[in-house]
Amino acid sequence: MLTVSPLTPRTTAQQFLSSADIEIPNCEVGIGSVITTPDSRHLLEGVRVEPLPLWPDDRGHFMEVQRIGQGLASHFDAATTQFSATVTYAGVVKAFHYHLRQSDCWTVVKGMLQVALADLRKESPTFGRLNTLYLGESRPWQVLIPPGVAHGYKVIGSDSAVLVYVTSQFYDQSDECRIPFDDKHLAYDWRTQFK
């Protein structure tokens, strides 16, 4: 197991992790548990998934991403919540990173993502486990990712993807902890699995 370098968390009333709470485990090569239902018993501790309703009509479709004080991000403090969006080209892998203080709430509004999650929290009952979720237009789910869970994704299909994410904290570079996408300890297999 590899221990990450120390970071000093900010002092606030909210409970944050410290670097002492995090360890990069030696995972079995693969993609871990593929999550096919929002209430899967294989979800990492603290990760939550919620289907989002889609209202299609002859013009396209509408999706409500987030209401302040409701849904998966209901516990986010409105004073520090940030809404962001990113466009990622087909076939690109953006992985891995994690936070000690910030929770993320992801919604894919265009395209499809293969989302990879790894539990780095030493005291978590799911420490060292991997999850894979396929999210996007074909599966409009929202996913809440707590601090200490490494996350990343690959755009699958032939189109770019648009990810809207709500974070519990404003962007803070000191809370952007990085792990290479091909880290030998996490051993996540980004190759196409279902050939």
Side-chain angles (χ1 to χ4, degrees), residues 1-9 16-37 40-49 84 86-106 108 111-136 139 141 143-158 160-161 163 165 167-169 171-195:
M1 305 228 178
L2 177 70
T3 303
V4 294
S5 59
L7 292 174
T8 305
F16 295 130
L17 296 175
S18 76
S19 59
D21 299 317
I22 300 294
E23 194 170 326
I24 299 177
N26 289 316
C27 299
E28 185 177 321
V29 175
I31 63 172
S33 297
V34 176
I35 305 303
T36 58
T37 61
S40 172
R41 64 183 179 86
H42 299 290
L43 272 171
L44 301 180
E45 180 72 23
V47 171
R48 293 176 46 214
V49 176
S84 304
T86 184
V87 175
T88 309
Y89 299 127
V92 169
V93 173
K94 291 178 93 173
F96 283 99
H97 77 274
Y98 65 93
H99 311 282
L100 298 175
R101 301 179 288 274
Q102 173 182 299
S103 292
D104 288 15
C105 191
W106 285 10
V108 182
M112 286 295 295
L113 298 183
Q114 176 180 331
V115 175
L117 305 175
D119 195 344
L120 310 181
R121 300 163 297 177
K122 292 192 290 189
E123 299 302 318
S124 170
T126 56
F127 171 71
R129 293 191 198 159
L130 301 173
N131 279 173
T132 296
L133 298 95
Y134 296 99
L135 307 178
R139 184 177 280 153
W141 289 358
V143 61
L144 177 71
I145 306 165
V149 173
H151 45 283
Y153 62 84
K154 177 174 79 172
V155 178
I156 55 178
S158 58
S160 296
L163 171 63
Y165 54 104
T167 58
S168 62
Q169 303 288 311
Y171 174 77
D172 178 355
Q173 187 175 1
S174 71
D175 195 32
E176 291 288 320
C177 308
R178 303 276 176 195
I179 304 169
F181 81 98
D182 59 352
D183 180 83
K184 65 181 182 179
H185 300 283
L186 293 183
Y188 191 85
D189 187 352
W190 291 103
R191 296 174 299 174
T192 300
Q193 301 293 310
F194 303 104
K195 300 174 185 170

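All of these numbers come straight from a predicted model, not from anything done at the bench. Note that the numbering runs from 1 along the sequence shown for the chain.
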Return the NZ to CG distance between Lys122 and Leu17, rounded to the nearest 0.5 Å. 11.0 Å

Using 0.5 Å steps for rounding, measure from the CD atom of Gln169 to the CG atom of Asp175. 7.5 Å

Interatomic distance, Asn26 atom CG to Lys184 atom NZ [nearest 0.5 angstrom]: 8.5 Å

Is a side-chain N or O of Asp104 found less than 3.5 angstrom from the main chain of Ile145, in a donor-acceptor match? no

Could you give me the CA-CA distance, side-chain angles and deciding distance for Val143 and Ile35, then say whether side-chain contact (heavy atoms from CB on, under 4.5 Å) is met? CA-CA 11 Å; Val143 61; Ile35 305 303; over 6 Å; no

Would you call Lys94 and Thr86 a side-chain contact if the rule is heavy atoms closer than 4.5 Å? yes

Yes or no on side chain to side chain donor-acceptor pair (under 3.5 Å) for Ser174 and Arg101, after CA distance, side-chain angles and deciding distance? CA-CA 10 Å; Ser174 71; Arg101 301 179 288 274; 2.9 Å; yes

May I ask you to decide if Pro180's main-chain N or O and Asp183's side chain share a donor-acceptor pair within less than 3.5 Å? no

Which distance, rounded to the nearest 0.5 Å, do you find between the CZ of Phe127 and the CZ of Arg121? 10.5 Å

Minimum heavy-atom separation for Ala187 to Cys27, with atom names? CB-O, 3.7 Å

Heavy-atom nearest pair, Leu186 first then Leu130, reads O-CD1, 3.8 Å

Could you go step by step and tell me if Gln102 and Tyr171 meet the side-chain contact (heavy atoms from CB on, under 4.5 Å) rule? CA-CA 9 Å; Gln102 173 182 299; Tyr171 174 77; 5.9 Å; no

Counting only heavy atoms not in Tyr134, do more than 12 fall under 6.0 Å of its OH? yes

Under 3.5 Å: donor-acceptor pair, side chain of Lys154, backbone of Ala116: no

Might you point out which heavy atoms bring Gly157 and Ala90 nearest each other, and give the distance in Å? O-CB, 3.6 Å

Shortest non-hydrogen pair, Pro125 vs Glu45, comes out as CG-OE1, 3.6 Å

Nearest 0.5 Å, please: how far is OG1 in Thr88 from OH in Tyr153? 2.5 Å

Contact check, side chains of Val47 and Pro146, non-hydrogen atoms, under 4.5 Å: yes

Could you go through Val108 and Trp106, starting from their C-alpha distance and side-chain angles, then the distance that decides it, and tell me whether this counts as side-chain contact (heavy atoms from CB on, under 4.5 Å)? CA-CA 7 Å; Val108 182; Trp106 285 10; 5.9 Å; no

Is a side-chain donor or acceptor of Asp21 paired with a backbone partner of Glu123 at a separation under 3.5 angstrom? no

Does the side chain of Thr167 come within less than 4.5 Å of Cys105's, by heavy atoms? no

Say whether, by atom type as modelled, one donor and one acceptor occur between the side chain of Ser168 and the main chain of Ser103 under 3.5 angstrom. yes

Should the ring pair Trp190 and Phe96 be called parallel, tilted or perpendicular, given that the plane angle runs from 0 to 90° and is split at 30 and 60? tilted

Evaluate Leu113 against Val155 for side-chain contact (heavy atoms from CB on, under 4.5 Å), listing each step before the verdict. CA-CA 5 Å; Leu113 298 183; Val155 178; 3.7 Å; yes

At their closest point, which heavy atom of Trp141 faces which heavy atom of Thr37, and how far apart are they? CH2-N, 3.6 Å

Parallel, tilted or perpendicular: which describes the rings of His151 and His99, with under 30° parallel and over 60° perpendicular? tilted

Distance col, row Leu117:CG vs Tyr188:OH, nearest 0.5 angstrom, shows 8.5 Å

Of the non-hydrogen atoms in Asp189 and Ile31, which two are nearest, and what is the gap between them? O-CG2, 3.3 Å

